[in-house]
Amino acid sequence: MTEGTTTAAAESGDTLTRLEQEGEIAADYLEGLLDIADLDGDIDMDVEADRASVSIVSESARDLQKLVGRDGEVLEALQELTRLAVHRETGDRSRLMLDIGGFRAKKREELTALGAKAAEDVKASGEPLKLDPMTPFERKVVHDAVAAAGLRSESEGEEPQRFVVVLPA
């Protein structure tokens, strides 16, 4: 192994350890919130795409729906609070992703399909296509789907009305 390879491997290991630590802090924080709200749920932790990923799952999805809220609004707020809790403990900004009751996973599938269809429509028409406003998570998924279809996309506008524009080749 060369010195550069050794350094890269060490940094990769350090990153994984840091992300696992973020997940542990987030899990502890979320367990406390579940206790306060008197809700049942198990917490799963993982590292996906260079970010910590924490999911709350339960046999009773109905209970967890309260934590998702309308269109994921409560989920987004809980994710930000959890990121702040991680930041308070580590001093580092967290990009942690939170999913509750599979809401975000389902939303990812829907948005991937939306991005692929938008890319097909733009390829057929040759015209840019503006999509409805989305959260940063939603825009990222659509951008990835459009890129996978071989086209480019950009975000335009100001929060909370920021949206994706799919561009022709």
Under 3.5 Å: donor-acceptor pair, side chain of Glu138, backbone of Thr135: yes
Heavy-atom pair of closest approach, residues Gly115 and Val146: O-CG2, 3.7 Å
Any side-chain heavy-atom pair of Val68 and Val74 under 4.5 Å: no
Gln161 (side chain) donor-acceptor with Pro133 (main chain) under 3.5 angstrom: no
Expected output: side-chain Asp99 to main-chain Ala105 donor-acceptor under 3.5 Å: yes
Minimum-distance pair of heavy atoms, taken over all atoms of Pro168 and Gly126: CG-O, 3.3 Å
Student check: side-chain heavy atoms of Asp40 and Leu34 closer than 4.5 Å: no
Heavy-atom side-chain proximity of Gln79 to Phe137 below 4.5 angstrom: no
Pairwise distance CD1(Ile25) to NE2(His87) - rounded to 0.5 angstrom: 11.5 Å
From Asp44 atom CG to Asp42 atom CG, the distance as rounded to the nearest 0.5 Å: 7.0 Å
Donor-acceptor side-chain pairing of Arg70 and Gln65 below 3.5 angstrom: no
Leu129 side chain reached by Val165 side chain, heavy atoms, under 4.5 Å: no
Donor-acceptor under 3.5 Å (Lys123 side chain, Ala149 main chain): yes
Same apolar cluster (I L V M F W Y, side chains within < 4.5 Å links), Val47/Val86: no
Donor-acceptor under 3.5 Å (Arg162 side chain, Gly157 main chain): yes
Met97-Leu19 co-clustered via ILVMFWY side chain contacts under 4.5 Å: no
Exercise: identify the closest heavy-atom pair between Leu67 and Ile100: O-CD1, 3.6 Å
Joint cluster assignment, Leu33 & Ile56, ILVMFWY side-chain distance < 4.5 Å: yes
Side chains of Leu114 and Leu111 in contact at under 4.5 Å (non-hydrogen atoms): yes
Sidechain N-carboxylate O distance under 4.0 Å for Arg104, Glu109: no
Side-chain heavy atoms of Glu159 within contact of Pro136, under 4.5 Å: yes
Verdict with supporting geometry, Glu80 and Arg83, salt bridge (charged side-chain N to carboxylate O under 4.0 Å, His left out): CA-CA 5 Å; Glu80 285 307 310; Arg83 286 177 174 176; 3.1 Å; yes
CA sep, side-chain torsions, deciding dist, call: Arg152, Glu154, salt bridge (charged side-chain N to carboxylate O under 4.0 Å, His left out): CA-CA 7 Å; Arg152 285 185 325 107; Glu154 298 175 348; 3.6 Å; yes
Residue pair Ala26 / Val54: nearest heavy atoms and the distance that separates them: CB-CG2, 3.9 Å
hydrophobic_cluster_shared for Leu78 and Met45, side chain cutoff 4.5 Å: yes
Cluster overlap Leu96 with Leu81, hydrophobic side-chain contacts below 4.5 Å: yes
Any donor-acceptor pair under 3.5 Å from Arg139 side chain to Met134 backbone: yes
Pairs meeting criterion side chain to side chain donor-acceptor pair (under 3.5 Å) with involvement of residues 19-39, two or more places apart: Arg18-Glu22, Glu22-Ser94
Nearest non-hydrogen partners of Leu131 and Ala118, listed with the distance: CD2-CB, 4.2 Å
Pairwise side-chain contact, Leu167 with Val122, heavy-atom cut-off 4.5 Å (strictly under): no
Sub-4.5 Å side-chain heavy-atom contact between Phe103 and Leu75: yes
Minimum heavy-atom distance Ser58-Gly41, with the two atoms named: CB-CA, 4.2 Å
